[in-house]
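Worksheet: the structure to be examined is printed underneath.
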Amino acid sequence: MRPQALLTALALLSAFAPAHSVSADEDFPQGVKRVPLRTHSLAVPYLDDSLHSRWYDYGGDAVIRTDKYIRLTADRASQTGYVSSRLPLTSPSFEIEFEFKISGKGNLYGDGMAMWITKERDQMGPVFGGPDNFEGLGIFIDTYKNNRPGVTFPYVMAMVGDGKTRYSKEDDGRPNELAGCSARGLHNSQHVTKGRLIYVKDDFMKLELQYKEPNKWIICFKVPAPPLPTVAYLGFSAETGELSENHDLIAVDVSTLFLPSAKEQPTGMGSSSSHVRSGRKEKKGGSWFWFFVKLGLIGGAAYVGYTRYVVYAKKKRQSSQGLF
């Protein structure tokens, strides 16, 4: 056994150390661990050395400018563009933060863009560049009002599709809206524009927006988590009609959320504190027990390996001196 084997064993040992990257906030008072998903994230330059995207497909009128953004549509009429993940998002709980920019000239503009978490992938269609009659979740950033009296636009809304129900474009999605909010000032914002979707299975779904001030998040809605397809793909799309605007996707960061066990899970819609405390104690004790068990096993393996290496080296040295 070589010395590298000892180093490998020590590296494995460090992998079993308890994780400390657990943060607490108002949604997760007992803490949550966020693990980035590289397979669903996007960042400059978007493409690899062979000018391909490893994790996403893109199509339609989408154009990639490797130093700035993915332009889903330009400020020209009748354009449609999209990006779609190649791998499904299988995490039961996740967080998606995306930076985007909607801009254009003049006082009339449209139509808007969307984020999709759907059973099907790589699809274009009439709903902000994405498919109608979809199965899954659509988050729509609608910049042109068709028929919603009393509602300020741009308007951001969520719709859960069952694969059969169409999006009502003539009513700006009102009949099938799960939740939504007005976002006046989002178009041509002078600040960084972001959205953040938090989804915790069997608990809550929350959408926040950032467009008025840097690092200031505004809650758009928080609702009980709707059921989503077990296997779903992440995508973004945009569309222009007779009116137009630029729809730019700048960055996407996706993380899997690891919450405490069911007993200590801090439900965002209300939870029993007694269950939280008892579950936390049980998990803490069990975690350290298995940590020391693994510590002993790997430490023992490393010691045995090192001892064998010392004996091997001694025999080899003696052999070279003619003693064997």
Side-chain angles (χ1 to χ4, degrees), residues 19-44 46 55-56 70 83-101 113-119 121 136-141 156-160 178-181 183 186 192-211 214-237 249-262 264-271:
H20 295 287
S21 57
V22 177
S23 59
D25 52 39
E26 61 180 7
D27 293 313
F28 307 103
Q30 302 301 322
V32 61
K33 182 180 179 183
R34 292 174 169 86
V35 178
L37 283 178
R38 182 184 176 189
T39 53
H40 290 78
S41 299
L42 279 170
V44 171
Y46 310 112
W55 306 117
Y56 277 83
I70 299 175
V83 296
S84 177
S85 68
R86 292 183 174 178
L87 298 179
L89 181 63
T90 57
S91 306
S93 300
F94 53 82
E95 178 179 287
I96 302 171
E97 184 173 316
F98 56 102
E99 182 179 348
F100 64 100
K101 187 171 183 62
M113 64 182 294
M115 180 178 77
W116 304 91
I117 302 174
T118 55
K119 187 175 182 180
R121 64 176 295 274
L137 175 68
I139 303 291
F140 306 138
I141 305 172
V156 183
M157 62 159 281
M159 173 180 170
V160 178
L178 174 66
C181 67
L186 184 147
V192 173
T193 308
K194 293 183 178 181
R196 180 165 62 198
L197 180 74
I198 300 175
Y199 180 88
V200 180
K201 186 178 180 181
D202 300 326
D203 195 347
F204 72 91
M205 180 174 73
K206 178 181 179 181
L207 178 67
E208 298 172 293
L209 301 173
Q210 179 186 139
Y211 61 93
N215 302 315
K216 181 178 180 180
W217 291 95
I218 301 170
I219 298 176
C220 181
F221 61 76
K222 184 175 183 180
V223 295
L228 296 181
T230 305
V231 176
Y233 294 87
L234 174 63
F236 296 84
S237 66
L249 183 62
I250 300 170
V252 180
D253 292 302
V254 182
S255 297
T256 296
L257 301 180
F258 289 98
L259 278 71
S261 62
E264 62 172 323
Q265 178 172 314
T267 59
M269 309 302 289
S271 177

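All of these numbers come straight from a predicted model, not from anything done at the bench. Side chains included, hydrogens not; waters and symmetry mates left out as well; all remaining heavy atoms used.
Rounding to the nearest 0.5 Å gives a distance of 11.5 Å between SG of C181 and CE of M157. Taken from CD in Q210 to CH2 in W217, the straight-line distance is 5.0 Å, to the nearest 0.5 Å.
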After noting the C-alpha distance and the side-chain angles of K206 and E26, does the key distance pass the salt bridge (Lys or Arg N to Asp or Glu O under 4.0 Å) rule? CA-CA 12 Å; K206 178 181 179 181; E26 61 180 7; 3.1 Å; yes
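No side-chain heavy atom of M159 sits under 4.5 Å from any side-chain heavy atom of L178. Annotation: side chain of T90 is in contact with side chain of P88 (closest heavy-atom distance under 4.5 Å). Using a 4.5 Å cut-off on side-chain heavy atoms (C-beta onward), L234 and M115 make contact. Between L89 and F94, the closest side-chain pair of non-hydrogen atoms falls below 4.5 Å. With contacts defined as side-chain heavy-atom distances shorter than 4.5 Å, the pair F100/I250 does not qualify. Using a 4.5 Å heavy-atom threshold, the side chains of V156 and L207 count as touching. Side chains of I219 and F221 form no contact here, defined as non-hydrogen atoms less than 4.5 Å apart. Residues F98 and L42 are not in side-chain contact: their nearest non-hydrogen atoms beyond the backbone lie 4.5 Å or more apart.
The minimum heavy-atom distance linking H40 with V252 is given by the pair O-CG1, 3.7 Å. Of all the heavy atoms in S93 and V200, the pair that sits closest is OG-CA, 3.6 Å. Closest of all the heavy-atom pairs between S255 and R34 is CB-CB, 4.1 Å. Nearest heavy-atom pair across T39 and W55 is O-CB, 3.2 Å. For the pair D253 and S41, the tightest heavy-atom approach, listed with the atom from each and the gap, is CA-OG, 3.8 Å. Residues Y233 and R86 share a closest heavy-atom pair of CE2-O, 3.6 Å.
Judged by distance alone, with hydrogens and angles left aside, the side-chain atoms of T193 form no donor-acceptor pair with the main-chain N or O of Y211 at under 3.5 Å. In this structure, the side chain of S85 does not engage the main chain of Y56 through any donor-acceptor pair within 3.5 Å. For the pair R196 (side chain) and L209 (backbone), a donor-acceptor distance under 3.5 Å is absent.
Two rings, from F140 and W116, have their centers less than 6.0 Å apart.
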